[in-house]
Structures are given as structure tokens and as C-alpha cells.
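In this text the structure is predicted, and so the values were computed from the model without any measurement.
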Amino acid sequence: MSSAAILEPGVFRRYASDQLVTLAKLVLENAFQPIVEVGTGSVFGYESLLRGQERIGFSSPLELLDQAQEVGQLLLLEQMMANRALAKFASLPDFSSATLFLNLDVRLIHQGQHFIEKVVQHLRKANIAPSSVCFEFSERFDNTSVPEFADLVTWMRKEGFKLAIDDFGVGHGEMKLLCDYPVDYLKIDRHFVAGVDRNPRKRHLVKNIVNIAHVLGIRVIAEGIETEAEFLACREYGVDLVQGWFIARPTTFVSELQPSFPHLADIGRGRRSSQSLDEILIRKQIEHLPAVYENESIDSVFELFRRNPRQAFFPVLNANGEPRGVINEYHLKEYIYQPFGRDLLKNKVYERSISHFVDRAPVIGLDAEAEELMSLFANMDNSACIILTENMRYAGVVSAASLIKVINEKQLKIAQDQNPLTGLPGNRAIRDFMQESGRDDDETRFFCYCDFDNFKPFNDHYGFHMGDHAISLFAALMKRYFFSDGVFLGHVGGDDFFIGVRDWTREELNEILERLLSDFHDDVAELYSPEERIAGKIRGHDRYGAERDFPLLRCSIGVLELPQGLLLDDLGRIGAEIAAVKANAKDSEGGLVFATFGETK
């Protein structure tokens, strides 16, 4: 055992004032924690975390940093840890396509240019693109109150670094940062993530934080994911990236880092859902504009506009293929039309790179709903387009005109999907309702599957005209009893119907369904001849061709309850449970059976 290991921590701290960095070099390590893409499970990057501070008597990294600041060694300590993190990052086989997240202490901002210059030097030696590094501004202190902060952010963006707001929601000045500075990522603090699947207030806050960030073209990272339920909730609320113990704990060993966690993409989904109608229509309208990279020369932009004279803007990407925004032609016109303007842009002293001209634009995934994209446009003034991504990388853009086409075509498809006999939405709309409701766990939801019993012998005996009459009769009764907002009525086909309701009690729904069944039983009996109505049966052939007696037509309804807080994105599981409760309803005396998801037999 070394002598250092047997000394009391207090001894280190007593003599550490002048030699803190020297001691830190001996014991401190960089641990990497993966930050993972929600949709694919692929590792997007790693946050570098300080470990080993307890060996020199500090209970937490923050305590060590505070001590370093007190003795005037914070810059040296942070520089050392950043260089070590970059060296470890460069040893990863996939570092060129990953992002390293480094924390930048606000107390270094007044020395920030010196700190960043050293980082840039290290990056050049290691052949790491600046856009592979993201600096996190912790909200432990108010960054925006430091006079040098604005100039530092401008300089960091010019160099190509990415920026993130850490600890969003529990610190200082987050909204000022969002409003006034071009950040790339927003990290939701663990406080809002913990138990988000069970807490309606947290769910509401997370949903709105995600929406605000996406309107501003900012990606959202949820920190501290510790359970599958938290992961599922964050995924469904639109979070882009996640990190936490549920995915992987921080490790100091590079060999323990893996490039992906593919099982995350399938959690809660079972079989992968097919593309939604919205995604199909959006993919038809997407415009695959060529993009420029922010680290390219300004000449590449002039050449792009020259080859595309009718195009007023182009997307700008960082070295990792992530959208940074758009570059508009009008920004360059003041230089184009000035004498020596183009030469001025390329002058190394004047230093005007592509990053100087980037305008923010809304960024969202291809799997978003058309209405969500339209809402982004409505909330983003003077936006030239919405930038679409697939697995976090640039996929194309859509304009307002293209979105109007998507909305119109969607409405046409929905109209075509309606059943011509009843005028009710068909299977596509039913699936969309079930999927949307499964993801919205703020309320209790009920899925009611209605199926006629003994319909075939009735239809065979009285003919298709009377069969259609019975179907129309049931549809009319559904519309009579279910007319409030939040109710969905669908016609699966033939004699099968669907009713979806939200925020009802089981007692309320049971009462209405019993009245529906009673009225249908009474009304449909009038369609039989007096003799068969009195006998309560008709003679017919079953599906195997055998002749026998059948009871009068009735409807059975199986009701599946999804309790508040239960979040589902697997239509296969939902469908299997509905089939089970429907079978139980057919076998029951009254024809009406309720079951809670997960409790069907």
C-alpha cells in the first residue's frame, strides 16, 4: 500500500493549497458516461466526469473545484482535466462521429479565451474537429452576469464548438441563455426526470420544455435516467438524447464503452411500428437541399448560390452532420455588392466564416406529426424552413408551402379512409388514435371494441340490405350517446366498431354503454319477423355449413382501460389485450366486459 493511501484526507487538504494540481495529476481520472440517441440507442457522445477526488480528501468534484478556485489553481486544474478528457476521447475508435461534452466552470469565463485557445491547440494535434466538443454551461452560477460571457460565446461559436445548458430548470438564467444565445443542447436536470412517468406536473413541464427547445432549433438531453419508465416517458415526450444509470454508468475504462444500446430502440414497442401517415406524407414533400458545413470556406457558399440562383438559403451543418441552422442569401448581399466585398470576407484579419452568418431554424425529427411541424412554423418568426433530421442527422427541409400540401393530403386520406356506409373513420384513423392515446398518459383512456354476435345468419337470412340497416342503426346510436370532445368513433369494418374515450370514469362509461346495448337490442329486434322475434331465434347455417338455431342479433363490447400514468407505444400489445377482452365479452351474459391493461386473461 502506498503512503498516500494511508494518510488521512484532511492531511492532503491541509497541505494542498500550493500543490493541488500536482496531487490531482496523481489521483484524478476522467470517467465517460454515454449520451444516447433515444430513437436508435446509438451512442451520440460522452460526458466527461471528474473522478478520484476522494483520494485527496474531497467528498465531491464540486468541493474540489471550489478549493481550486480559492487557491487560484482552478484554471490549471480544469485545463489538465480537459486535456486528459480530449486524449481519452481521441483514443476511441468512433471519436470522429461522436461528441465529447465538457463542463465549463463559470468562474473561468473571464479567462475563457486562454482556456479555449489551449483546447484548440490540443484538438489540432489530435485531429479532432471543434464541433466534436460541446461545452456545458452549468447553471450553478449565473453565466450571463459575467461581462465577458457574450464575447466568449461568440468566439466559441466561431471556432465551431457546440454549446449546452446544463442543469436546466434548477439554476440561474436559463431562459436568458435560451433567448439570447445560440445553444445547441439543453440538458433537463434530474429533478424533473426523476419519477416523470408518475408525476403529471413533471410530465407537463418536460413536454413544454421540449417543445420550446425544438422551436428554437435546440436538442434536448434528459439527465439521470434511472428506470425504464423514465426512459419511456422521456422518449414519448420528444426528448432527443438521454443519459443515466439506466443506460450506462460512468466508467474510467475505455474498454467498457460500447458504441450502441440497440435494445433501447425496442423497449416498450415490441414489433417496430410502421411509418405513420404523417411521416409518409412528409417524406414525399421533403426537399433534399445541399448543405454547407460551418468549417468550410466562404467560397463554398458563394459557389452554392451561384449554382442554385433561385435558392435563397441553404442548411448549415457541423462536422458531425447535425444542423446548425441556415445561411440566407441576404446576409451575403451587402458584401457581394460592395467593392472588394468578397475579398473582405476571405481576409484572415477580418475573419468572417460561415458560422457568422448562421440563422437559427426549427429542427425536428422526421417522425413528427404534420400539425406539430405547422405549429413550429407558426411560433418561429421569419423562419425560412423547418430542418428535418433522421437519427439526429440532417435529412432535408420542408417549407410552409410543402407543409400545407401535407396537411391537405392528410385530410384527403382521412376522408378516403371513412366508411361510406356510416361516415365513420376507418382503420388508419383508429390506429392513429390508439397510438396517440397510448403515448398520452395524463388521463385514463378506454378502448371499446364493439362486435355483433350472430350477424352472419341474420345477414344471410334477411339479405345485405337489412344487414347494412343494422350496421347503420348501431352507428347512429353511437353518435347519439358519444358526442363530447375527446371521444373518437371508428368503423373497423363490417359489423365491428371502435369507441375511444379519455378522462371518463369507468362508472360513467359503463352506464352509457349499457344504454347503447339496450337500445340496440330493442331496435334491432324490430328488424326480425314477428314469429322469429317472439321465438327469440332464427334458423341458419354456421360457418361450417351446419344448420342450427341462432339467438337474435346483439352486440358485445370489450373495454380495455389504460390507467393514468401508463405509457404505451406498442399497438401489438394493445391489440392482443383488446382481442382477449373482446372474447370475454362475447362469452359473457350481458355482452359488456371491462379489463385493465395487463390484467386480461
Side-chain angles (χ1 to χ4, degrees), residues 129-131 134 153-154 156-163 178-186 211-220 240 282-283 285-336 342 345 352-366 368 372-404 406:
S131 62
C134 179
V153 168
T154 301
M156 293 170 78
R157 296 292 297 193
K158 183 193 72 174
E159 290 292 332
F161 291 108
K162 295 189 284 191
L163 306 176
L178 277 183
C179 181
D180 298 336
Y181 296 95
V183 297
D184 299 279
Y185 308 100
L186 180 157
N211 184 59
I212 291 170
H214 284 171
V215 166
L216 298 174
I218 297 168
R219 295 311 182 108
V220 179
D240 303 291
I282 289 168
R283 284 183 181 274
Q285 294 295 333
I286 192 171
E287 190 175 358
H288 301 283
L289 287 180
V292 294
Y293 288 85
E294 61 182 0
N295 56 347
E296 291 180 336
S297 70
I298 201 73
D299 267 343
S300 63
V301 181
F302 285 122
E303 178 62 20
L304 206 52
F305 280 117
R306 188 190 67 77
R307 287 189 281 109
N308 301 271
R310 296 187 177 183
Q311 186 61 39
F313 66 90
F314 289 101
V316 178
L317 313 180
N318 63 27
N320 302 108
E322 297 173 273
R324 265 321 212 359
V326 298
I327 185 166
N328 285 288
E329 184 182 25
Y330 61 77
H331 282 315
L332 303 178
K333 283 183 176 178
E334 60 177 298
Y335 296 95
I336 295 173
R342 291 183 61 164
L345 282 174
R352 282 296 182 268
S353 64
I354 290 175
S355 60
H356 280 89
F357 301 101
V358 176
D359 288 329
R360 306 295 284 178
V363 180
I364 198 165
L366 258 173
E372 186 177 0
L373 268 64
M374 191 62 81
S375 175
L376 285 180
F377 255 125
N379 288 286
M380 190 72 175
D381 291 339
N382 302 319
S383 179
C385 66
I386 290 179
I387 301 177
L388 296 174
T389 59
E390 191 165 21
N391 299 332
M392 299 286 293
R393 302 305 189 269
Y394 170 67
V397 304
V398 288
S399 64
S402 296
L403 266 183
I404 291 173
V406 169

Q: Just to verify, what does N328 make a side-chain hydrogen bond (donor to acceptor under 3.5 Å, both in side chains) with, not counting sequence neighbours?
A: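 For N328 the side-chain hydrogen bond (donor to acceptor under 3.5 Å, both in side chains) partners, ignoring immediate neighbours, are D359.
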Q: Identify the heavy atoms of P362 and C385 that sit nearest to each other, and give their distance.
A: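 Scanning both residues, the minimum pair turns out to be CD-O, 3.5 Å.
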Q: Quick check for you: to the nearest 0.5 Å, what is the distance between Y394 atom OH and L317 atom CG?
A: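 Here the rounded value is 7.0 Å.
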Q: Looking at residues at least two apart in the chain, or sitting in another chain, which of them share a side-chain contact (heavy atoms from CB on, under 4.5 Å) with T154?
A: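 Once residues adjacent in sequence are excluded, T154 has no partner under the side-chain contact (heavy atoms from CB on, under 4.5 Å) criterion.
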Q: Could you tell me which residues satisfy ring-ring contact (aromatic ring centres under 6.0 Å, His included) with Y293, sequence neighbours excluded, listed by chain and number?
A: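 Residues passing ring-ring contact (aromatic ring centres under 6.0 Å, His included) with Y293: none at all.
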Q: Which pairs with one or both residues in residues 384-401 pass salt bridge (Lys or Arg N to Asp or Glu O under 4.0 Å), sequence neighbours excluded?
A: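 Only E37-R393, R283-E390 qualify under salt bridge (Lys or Arg N to Asp or Glu O under 4.0 Å).
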Q: Check whether any side-chain heavy atom of P182 sits under 4.5 Å from a side-chain heavy atom of R157, and report yes or no.
A: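 Yes, close enough: below the 4.5 Å cut-off.
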Q: In Å, rounded to the nearest 0.5 Å, how long is the span from CZ of R310 to CZ of F305?
A: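 R310 atom CZ to F305 atom CZ measures 16.0 Å (nearest 0.5 Å).
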Q: What residues form a side-chain contact (heavy atoms from CB on, under 4.5 Å) with R306, not counting sequence neighbours?
A: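 Per chain and number, R306 pairs via side-chain contact (heavy atoms from CB on, under 4.5 Å) with E303.
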Q: Can you list the residues that meet the ring-ring contact (aromatic ring centres under 6.0 Å, His included) rule with F313, with sequence neighbours excluded?
A: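 Residues passing ring-ring contact (aromatic ring centres under 6.0 Å, His included) with F313: none at all.
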Q: Which pairs, with at least one residue in residues 316-326 and sequence neighbours excluded, count as a salt bridge (Lys or Arg N to Asp or Glu O under 4.0 Å)?
A: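 For residues 316-326: K162-E322, D184-R324, E294-R324.
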Q: Can you tell if the side chain of I286 reaches within under 4.5 Å of the side chain of L366, non-hydrogen atoms only?
A: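 SC-SC contact between I286 and L366 confirmed.
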Q: For residues N318 and P130, determine if any side-chain heavy atom of one lies less than 4.5 Å from a side-chain heavy atom of the other.
A: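 Contact flag for N318/P130 side chains = no.
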Q: Got a second to check how far L216's CG is from L186's CG, nearest 0.5 Å?
A: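 Interatomic distance, L216 CG to L186 CG, rounded to 0.5 Å: 9.5 Å.
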Q: What distance do L373 atom CG and I386 atom CD1 have between them, rounded to the nearest 0.5 Å?
A: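 That separation rounds to 4.0 Å.
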Q: Which residues satisfy the side-chain contact (heavy atoms from CB on, under 4.5 Å) test with P309, sequence neighbours excluded?
A: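 Here no residue qualifies.
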Q: So, does H214 use its side chain to make a donor-acceptor pair with the main chain of V363 at under 3.5 Å?
A: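 No.
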Q: Nearest 0.5 Å, what's the CG-CD1 distance between L289 and I387?
A: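 Going from the CG atom of L289 to the CD1 atom of I387 covers 9.5 Å.
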Q: Going from CD on Q285 to CD1 on I404, what distance comes out if it is rounded to the nearest 0.5 angstrom?
A: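 Going from the CD atom of Q285 to the CD1 atom of I404 covers 11.0 Å.
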Q: Is any side-chain heavy atom of V301 closer than 4.5 Å to a side-chain heavy atom of F357?
A: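 When only atoms from C-beta onward are counted, F357 and V301 do not touch, as no gap falls below 4.5 Å.
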Q: Determine, stepwise, if the pair V397 / V326 fulfils side chain to side chain contact (heavy atoms under 4.5 Å, CB included).
A: CA-CA 10 Å; V397 304; V326 298; 5.9 Å; no
